[in-house]
There are 2 protein chains.
Amino acid sequence: MSATTKQRIVEAGAALFRRQGYSGTGMKQIAAEAPAPFGSIYHFFPGGKDELGAEVIRISGRAYGQLVPMVFDAEPDVAIATRNFFIGAANALRASEFEDACPIATVALEVASTNELLRLATAEVFESWIKALAERFKRNGLPARRARELAVAMIAILEGAFVLSRAMRDARHVEVAGEVMAAAVRAALKERPVGSRKVR
Amino acid sequence: MSATTKQRIVEAGAALFRRQGYSGTGMKQIAAEAPAPFGSIYHFFPGGKDELGAEVIRISGRAYGQLVPMVFDAEPDVAIATRNFFIGAANALRASEFEDACPIATVALEVASTNELLRLATAEVFESWIKALAERFKRNGLPARRARELAVAMIAILEGAFVLSRAMRDARHVEVAGEVMAAAVRAALKERPVGSRKVR
DNA sequence: GTCTATAGAAGGATAGAC
DNA sequence: GTCTATCCTTCTATAGAC
């Protein structure tokens with residue numbers, strides 16, 4: 001069964017917003033890319049571009065967040081899993097000619113000071129990613145506060161490495177960020193005696 | 001002596017691009033904000049919006065890069081200086097209601113896949129920041145390669161923390177990033193025996 | 001160099017036939 | 001639910017008087 005018109009609109013919006021940003025993408029362009037009749041966008045999203053934008057942010061954010069369990073379930077050592085996450089991100093960047101980085105970062109920066117509805121949508125996505133990561137770190141024996149700090153740092157360095165890599169066209173920056181982050185995770189785990197670590 | 005018309009145009013463009021992004025800012029808005037007659041923009045920047053954008057990126061990048069010597073000259077311990085850099089950035093965010101973060105990151109993401117002229121301008125700015133930071137780390141005894149990796153990581157985690165802080169309206173994320181980065185710098189310095197460190 | 005007016009294209013959004 | 005036509009605004013850019 002093929003995708004519905006609404007799904008195609010959301011997917012086209014996601015691809016264009018990620019690549020060109022929110023302001024840089026027109027509704028007509030989304031309709032052409034979907035493809036879908038122009039009027040159908042307003043049929044499914046009566047709130048217009050903002051409503052579509054919020055939906056795209058939520059859907060893209062949920063999809064990307066699923067990479068966390070995918071990568072961390074596959075590797076018992078969290079420091080290695082952390083490094084693997086960045087290696088995967090770097091490879092995705094290369095395979096997409098530096099387009100496939102964070103699905104919402106460009107929009108997040110564009111709307112942070114200009115569109116409260118969309119800013120809140122991006123904030124909720126970031127919070128969900130931080131929570132998911134912090135949960136992983138907690139399972140490995142880190143206290144809640146420390147786990148959250150590491151999670152914030154990991155999302156931050158990943159996002160920033162995406163900025164550098166896309167601008168400078170060098171995916172190794174993401175891998176370098178991964179090495180530094182993995183070392184930080186390893187160091188945090190060593191802060192506590194081995195006996196106090198929970199086994200997963 | 002007051003600012004020239006051209007300077008006012010560049011400054012207005014810098015403020016608006018940082019806040020609203022490149023696509024989200026109109027030439028007329030820049031003229032109104034400067035303030036300057038609309039035609040004057042094209043008098044000083046015959047290449048239009050792209051030429052103005054490239055100039056804004058270069059000027060803003062140079063100005064922000066000057067914070068590196070400012071912060072690192074004031075504190076001999078590089079790990080502490082690193083932390084101080086992030087504390088200063090967090091305070092600037094708070095003082096500006098989360099507008100005054102990286103002057104070029106929003107534009108960098110917007111143009112990375114759509115405007116090669118501006119992408120190159122942002123890449124040159126990032127490269128200059130990385131070089132300046134790596135130089136500081138080298139002065140403290142780190143080998144060139146390691147120094148550059150740390151510099152990339154530091155710019156990355158700062159940029160990403162800006163994204164999170166602006167979206168989530170919480171400047172502490174920048175401070176958390178600073179603590180993690182300062183620890184990474186401290187750990188890197190300890191990798192080598194004390195005797196092999198160069199004194200500045 | 002300053003400023004106004006306007007061209008020509010593209011933007012978001014709506015109406016209404018089918 | 002699909003699709004076209006169109007409204008009105010805004011955009012970048014240019015022309016030309018002063």
Side-chain angles (χ1 to χ4, degrees), chain A residues 1-57 106-107 109-111 113-119 121, chain B residues 1-57 106-107 109-111 113-119 121:
Chain A
M1 130 180 169
S2 64
T4 67
T5 300
K6 184 172 181 181
Q7 283 170 336
R8 289 202 314 278
I9 291 169
V10 170
E11 281 162 24
L16 290 169
F17 290 156
R18 183 178 56 198
R19 190 181 131 76
Q20 312 176 336
Y22 186 72
S23 302
T25 299
M27 296 291 264
K28 287 170 186 168
Q29 193 183 4
I30 293 172
E33 181 82 8
F38 183 73
S40 293
I41 297 187
Y42 286 89
H43 170 71
F44 292 111
F45 301 96
K49 195 180 184 183
D50 277 8
E51 188 182 343
L52 172 58
E55 177 85 349
V56 164
I57 288 164
T106 310
V107 177
L109 285 181
E110 282 182 282
V111 304
S113 301
T114 57
N115 187 321
E116 190 64 4
L117 180 84
L118 294 189
R119 179 192 74 75
Chain B
M1 123 180 171
S2 64
T4 66
T5 300
K6 184 172 181 179
Q7 284 171 335
R8 289 201 316 277
I9 290 170
V10 170
E11 280 162 23
L16 290 169
F17 290 157
R18 183 177 57 198
R19 189 181 130 77
Q20 311 176 338
Y22 186 72
S23 301
T25 300
M27 297 291 264
K28 286 180 181 161
Q29 194 183 3
I30 293 172
E33 181 81 8
F38 182 73
S40 293
I41 297 187
Y42 286 89
H43 171 72
F44 292 112
F45 301 95
K49 196 180 184 183
D50 277 7
E51 187 180 345
L52 172 58
E55 176 85 350
V56 165
I57 288 164
T106 309
V107 178
L109 285 181
E110 282 182 281
V111 303
S113 302
T114 57
N115 188 321
E116 189 64 5
L117 180 86
L118 294 189
R119 179 193 73 77

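- B:G48 comes within contact range of the sugar-phosphate backbone alone, with a heavy-atom separation under 4.0 Å but no base atom that close.
- Rounded to whole Å, the distance from CD on B:Q29 to P on D:dT12 is 9 Å.
- Within the nucleic acid shown, B:F38 comes within 4.0 Å of at least one base atom, counting heavy atoms only.
- A sub-4.0 Å separation between OP1 or OP2 of C:dT14 and a side-chain N or O of A:Y42 is absent.
- Inspection of the A:T25 and A:Q20 side chains reveals an N or O donor paired with an N or O acceptor under 3.5 Å.
- Between A:T5 and D:dT2, a side-chain N or O to OP1/OP2 separation shorter than 4.0 Å is present.
- Atom CG of B:D50 is separated from atom P of D:dC11 by 16 Å (rounded to the nearest Å).
- In this structure, B:I41 atom CD1 and C:dG1 atom C1' are separated by 14 Å, rounded to whole Å.
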- Item | From CA spacing to verdict: salt bridge (charged side-chain N to carboxylate O under 4.0 Å, His left out), B:R119, B:E116 | CA-CA 5 Å; B:R119 179 193 73 77; B:E116 189 64 5; 2.6 Å; yes
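- Not one N or O on the side chain of A:E33 forms a donor-acceptor pair closer than 3.5 Å with the backbone of A:L16.
- Distances shown here put every side-chain N or O of A:S40 at or beyond 4.0 Å from the OP1 or OP2 atom of D:dG1.
- Atoms CD (A:E51) and P (C:dA13) sit 11 Å apart, rounded to a whole Å.
- No donor-acceptor pair under 3.5 Å is formed between the side chain of B:Y22 and the backbone N or O of A:G24.
- Nucleotides of DNA chain D nearest to A:P37 and B:G24 differ in position, and the one nearer the 5' end is that of A:P37.
- By the 4.5 Å heavy-atom criterion applied to side chains, B:F17 and B:I30 are counted as neighbours.
- Nucleic acid contact class of B:G39 (heavy atoms, under 4.0 Å, all strands): base.
- The base of D:dT10 does not come close enough to the side chain of B:K28 for any donor and acceptor atom to sit less than 3.5 Å apart.
- Taking atom NE2 on A:H43 and atom P on D:dC3, their separation rounds to 12 Å, with Å as the unit.
- B:S23 comes within contact range of no nucleotide atom at all, as no heavy-atom separation falls under 4.0 Å.
- In this structure, A:Q20 places its CD atom 14 Å from C1' of C:dG11, rounding to the nearest Å.
- At whole-Å resolution of the value, CD1 in B:I30 and P in D:dT10 are 17 Å apart.
- Here C:dA10 presents its P atom at 15 Å from NZ of A:K49, a figure rounded to the nearest Å.
- Closest approach to the B:M27 side chain among D:dT12, C:dA13, C:dT2 is made by D:dT12 (side chain taken as heavy atoms from C-beta onward).
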